[in-house]
Amino acid sequence: QVQLVESGGGLVQAGGSLRLSCAASGRTFSTYGMGWFRQAPGKEREFVAAINWSGVTIRYADYVKGRFTISRDNAKNKVFLQMNSLKPEDTAVYYCAAGAGSGSPGSFRSWGQGTQVTVSS
């Protein structure tokens, strides 16, 4: 079971940027697909982005496409989410997740504790 710890959340003005990081434990990180999800107050958790084990296959939700970039560093057991042009509707708790190597959004089974992102208007 992989352990995940997110960092990098905070308060930012609309139009600003944040970079989230997720550190994973274990020696098999490079075999996992990794993803980012978010949950706003009163809403269900939703998919944001995913990357397969090699970093070649990447998926984004339509509402972040062109603004967010997911990447990974297998040598450092980390996955990142660069968030640009942030909007108030991006405000949520962001979760890192690990799953099948393909990075299929439905495959994620291990979750971090989340990091809060708040975008002010």
Side-chain angles (χ1 to χ4, degrees):
Q1 186 83 356
V2 62
Q3 304 296 319
L4 304 171
V5 179
E6 302 96 335
S7 62
L11 173 65
V12 64
Q13 288 188 332
S17 298
L18 281 175
R19 189 189 194 212
L20 304 183
S21 297
C22 174
S25 65
R27 291 176 289 181
T28 59
F29 174 77
S30 62
T31 67
Y32 287 99
M34 299 298 297
W36 288 94
F37 290 73
R38 68 187 186 186
Q39 186 166 19
K43 295 187 177 181
E44 293 188 353
R45 185 164 56 191
E46 63 183 11
F47 169 74
V48 174
I51 187 168
N52 79 325
W53 67 274
S54 67
V56 171
T57 301
I58 291 175
R59 299 175 176 88
Y60 294 102
D62 286 344
Y63 35 82
V64 304
K65 202 171 292 184
R67 300 188 298 123
F68 291 11
T69 302
I70 188 171
S71 61
R72 67 188 297 160
D73 185 337
N74 285 346
K76 296 183 178 179
N77 281 18
K78 288 188 174 181
V79 64
F80 306 97
L81 186 68
Q82 177 66 43
M83 305 186 295
N84 298 329
S85 301
L86 283 161
K87 305 175 181 180
E89 51 264 45
D90 294 319
T91 295
V93 177
Y94 282 71
Y95 296 91
C96 175
S102 65
S104 173
S107 72
F108 295 104
R109 296 292 180 266
S110 298
W111 300 86
Q113 83 290 347
T115 185
Q116 177 70 47
V117 171
T118 302
V119 184
S120 63
S121 57

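In this chain, residues are counted from 1 in sequence order.
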- Message: For G114 versus E6, what's the shortest heavy-atom pair and its separation?
- Response: N-OE1, 2.9 Å
- Considering only heavy atoms from C-beta outward, does the side chain of W36 approach that of C96 to under 4.5 Å? yes
- Note on the structure: Heavy atoms of A50 and G103 approach each other most closely as CB-O, 3.3 Å
- Query: Between L81 and T69, is any pair of side-chain heavy atoms under 4.5 Å apart?
  - Reply: no
- Message: Quick check: is L86 connected to L20 through a chain of hydrophobic side chains (ILVMFWY, heavy atoms under 4.5 Å apart)?
- Response: yes
- Query: Within the side chain of R67, is there an N or O that forms a donor-acceptor pair under 3.5 Å with the backbone of S85?
  - Reply: yes
- Task: Would you please test S102 and N52 for side chain to side chain donor-acceptor pair (under 3.5 Å) and show each step?
- Result: CA-CA 5 Å; S102 65; N52 79 325; over 6 Å; no
- Query: Using the benzene-type ring in the case of Trp, are the ring centres of F37 and Y95 under 6.0 Å apart?
  - Reply: no
- Query: In terms of hydrophobic clusters joined by side-chain contacts under 4.5 Å, are Y32 and V5 together?
  - Reply: no
- Task: Give, for atom OG of S71 and atom CD of Q82, the distance between the pair rounded to the nearest 0.5 Å.
- Result: 8.5 Å
- Establish whether I51 and W111 are linked, either directly or via other cluster members, by ILVMFWY side-chain heavy-atom contacts under 4.5 Å. no
- Query: Under 4.5 Å between any side-chain heavy atoms of M83 and V117, yes or no?
  - Reply: yes
- Query: Any side-chain heavy-atom pair from F29 and R72 closer than 4.5 angstrom?
  - Reply: yes
- To the nearest 0.5 angstrom, please state how far the OG atom of S30 sits from the CG atom of N77. 8.0 Å
- Query: Does the side chain of V93 come within less than 4.5 Å of T115's, by heavy atoms?
  - Reply: no
- Task: Rounded to the nearest 0.5 Å, what's the gap from CD on E89 to CZ on R38? Could you check?
- Result: 8.0 Å
- Any idea which heavy atoms bring A24 and L4 closest together, and the distance? CB-CD2, 3.6 Å
- Flag if over 12 foreign heavy atoms under 6.0 Å of NZ, K43: no
- Query: Any sub-3.5 Å donor-acceptor pair from S107's side-chain atoms to A100's backbone N or O?
  - Reply: yes
- Heavy-atom check, side chain of F68 versus side chain of D90, under 4.5 Å: yes
- Item | Minimum-distance pair of heavy atoms, taken over all atoms of S17 and N84 | OG-OD1, 2.9 Å
- Item | Heavy-atom pair of closest approach, residues R59 and P105 | CD-CD, 3.8 Å
- Considering only heavy atoms from C-beta outward, does the side chain of Y63 approach that of E46 to under 4.5 Å? yes
- Message: Do V79 and I70 have side chains that approach each other closer than 4.5 Å (heavy atoms only, starting at C-beta)?
- Response: yes
- dist S110:OG -> Q3:CD (nearest 0.5 Å) comes out at 7.5 Å
- Could you grab the distance from atom OG of S21 to atom CZ of F80, nearest 0.5 Å is fine? 5.0 Å
- Message: If I take atom CZ from residue F108 and atom CE from residue M34, how far apart are they, to the nearest 0.5 angstrom?
- Response: 7.5 Å
- Those residues at least two apart in sequence (or on a different chain) that pass ring-ring contact (aromatic ring centres under 6.0 Å, His included) with W53 are none
